[in-house]
Amino acid sequence: MNHLLAMATATTSFGTACCLRRVVTHAFALSHSHNLRTNANLSFQRTLTSHLLSVSTSSGASKTVQASKGEVDVLLKGVGEKSVANEVKHVLEMAKRASLKREILHTNFLTPPVLKESMQVLEKLADIKALAQGGYPQAERCRISVGHPDELTSDPDVISALSITGNFKFEPCSHSDFLGSILGTGITREKLGDIILQGEQGAQIIVVPELVEFLMAALDKVRNVPVTCTKIPLISLDYEPPRTKSFKTTEASLRVDAVASAGFKISRSKLVDMISNGDVRINWIPITSKGTTIKSGDLVSVSGLGRLKIGEVNTTKKGKFAVELIRYL
């Protein structure tokens, strides 16, 4: 096809238009025949033909290549953090591939910001269905399964649960203790979902199914506590819905230093220092500016203090902002 386009470029201005139409017609016929055999996406076919018909012979090839890239760029436009955008792009490419080949593909466990942005992007695509699974309703780290809507008709079996038990009465272990011991077996973080602490009994963890037997054999100690690792059904996960406390504040602006200092009951200057140290995140993404503004639905987390969700925001008669704050206890 590139050879035919090159020949079209060398013709006269009158012959160019005629030749291009013949080339496009022939290319579309070949593409159409191939796609019927492989069940490829006909919408992409029409987009390709449209771009070929609308460009000149000198730039047609390059603009055709850029067509699908432009669609991706538009979908990723609202994703601000570069590292998050790159991961979302990989998820989007996987989804396109799954839909085109009529197969179901799965991501690793995604971090909350990547998960959130990926699901928002995938919801905009009519020919792709996406399901997120983390084991329980409040799960932060989830895997996304993607595929054509006709293929992805049920929840795939892509996550498993393990119970890590031991006598933690005299040596309580934290989330980081369990995480460190699990990663110490040699597995990578993206293969591990949430860790649900169980107090003196130990913890429950979510993992990819292919690592269940390995962890049952390899994980025998958390810090200095001997443990036993056993597989449990997802329905046996023992989690508690988060406890929250709601209250309201009125602020002159929606800057994070003003709203979050009121939500966490600390001085504004202390919160500014924590922002400078990278200890403040909005929707799991670290911020560096005290002037960053928040909006309804945002989740503000501060290291050592917890999390704060921004509820309803209204403007008062005096031009200030009445903000509902939901503090996680």
Side-chain angles (χ1 to χ4, degrees), residues 1 24-54 63-79 83-137 139-161 190-194 206-212 234:
M1 184 171 172
V24 170
T25 302
H26 180 61
F28 177 79
L30 290 175
S31 177
H32 183 69
S33 175
H34 174 71
N35 285 340
L36 286 177
R37 291 194 301 269
T38 61
N39 290 322
N41 193 331
L42 293 179
S43 64
F44 176 79
Q45 187 183 82
R46 289 192 294 270
T47 303
L48 174 62
T49 305
S50 175
H51 277 270
L52 281 171
L53 288 171
S54 63
K63 289 190 177 181
T64 301
V65 172
Q66 294 170 359
S68 60
K69 291 182 180 180
E71 180 187 12
V72 171
D73 291 341
V74 170
L75 290 170
L76 296 178
K77 191 174 182 180
V79 184
S83 61
V84 172
N86 287 336
E87 293 193 55
V88 174
K89 181 179 180 181
H90 293 154
V91 175
L92 180 59
E93 291 170 347
M94 176 187 290
K96 285 287 190 180
R97 187 166 65 251
S99 179
L100 191 67
K101 295 183 177 181
R102 291 292 182 129
E103 60 185 4
I104 300 173
L105 298 177
H106 318 285
T107 69
N108 287 315
F109 284 99
L110 303 175
T111 60
V114 175
L115 175 67
K116 176 184 176 182
E117 298 290 354
S118 295
M119 291 301 291
Q120 289 180 346
V121 168
L122 293 171
E123 287 174 358
K124 300 176 183 178
L125 304 176
D127 59 340
I128 292 173
K129 183 178 179 181
L131 293 172
Q133 296 184 78
Y136 63 106
E140 291 188 354
R141 298 176 65 88
C142 296
R143 299 185 75 182
I144 296 179
S145 300
V146 290
H148 192 279
D150 294 341
E151 303 296 328
L152 190 55
T153 57
S154 61
D155 293 357
D157 185 16
V158 295
I159 55 175
S160 295
E190 60 267 21
K191 301 298 182 181
L192 177 66
D194 283 5
I206 315 296
V207 297
V208 294
E210 55 267 28
L211 287 180
V212 167
L234 293 175

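Not measured: the values here are computed from a predicted model.
Summarising the geometry of Tyr136 relative to Asp194, their closest heavy-atom pair is OH-OD2, 2.6 Å, with the distance given to 0.1 Å. Ala95 approaches Leu122 most closely through the heavy-atom pair CB-CD2, 3.6 Å. Here the shortest heavy-atom pairing between Cys142 and Ala132 reads CB-CB, 4.4 Å. In terms of heavy-atom proximity, Phe109 sits nearest to Val207 at CE1-C, 3.7 Å.
With sequence neighbours left out, the side chain to side chain donor-acceptor pair (under 3.5 Å) criterion links Lys191 to Asn108. In this structure Pro113 satisfies the side-chain contact (heavy atoms from CB on, under 4.5 Å) test together with Val84, Thr111, Trp284, Ile285, sequence neighbours excluded. Every residue two or more places apart in sequence or in another chain that forms a side-chain contact (heavy atoms from CB on, under 4.5 Å) with Pro149 is listed here: Lys129. Applying the side-chain contact (heavy atoms from CB on, under 4.5 Å) test to Ala161 and every residue at least two apart in sequence or in another chain returns Ile206, Ile232, Leu234, Leu237. A search for side chain to side chain donor-acceptor pair (under 3.5 Å) contacts involving Glu190 returns Thr188, not counting sequence neighbours. Considering only residues two or more places apart in sequence or on other chains, Glu140 meets the side chain to side chain donor-acceptor pair (under 3.5 Å) condition with Arg307.
The CG atom of Leu131 sits 7.0 Å away from atom CE of Met119, with the distance rounded to the nearest 0.5 Å. A distance of 10.5 Å separates CG of Leu152 from CG of Leu105, quoted to the nearest 0.5 Å.
Leu92 is listed as a side-chain neighbour of Leu125, based on a closest heavy-atom distance under 4.5 Å. The shortest distance between side-chain heavy atoms of Leu115 and Arg141 does not fall below 4.5 Å. Considering only heavy atoms from C-beta on, Arg143 comes within 4.5 Å of Val208 through its side chain.
Residue pairs that meet the salt bridge (Lys or Arg N to Asp or Glu O under 4.0 Å) test with at least one member in residues 151-160, sequence neighbours left out, are Arg102-Glu151.
A side-chain donor-acceptor contact under 3.5 Å links Thr107 to the backbone of Ile144. Side-chain atoms of Ser118 do not come within 3.5 Å of backbone N or O of Val91 as any donor-acceptor pair. Without hydrogens or angle criteria, Glu117 side chain to Glu87 main chain gives no donor-acceptor distance under 3.5 Å.
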Could you go step by step and tell me if His106 and Ser145 meet the side chain to side chain donor-acceptor pair (under 3.5 Å) rule? CA-CA 4 Å; His106 318 285; Ser145 300; 2.8 Å; yes

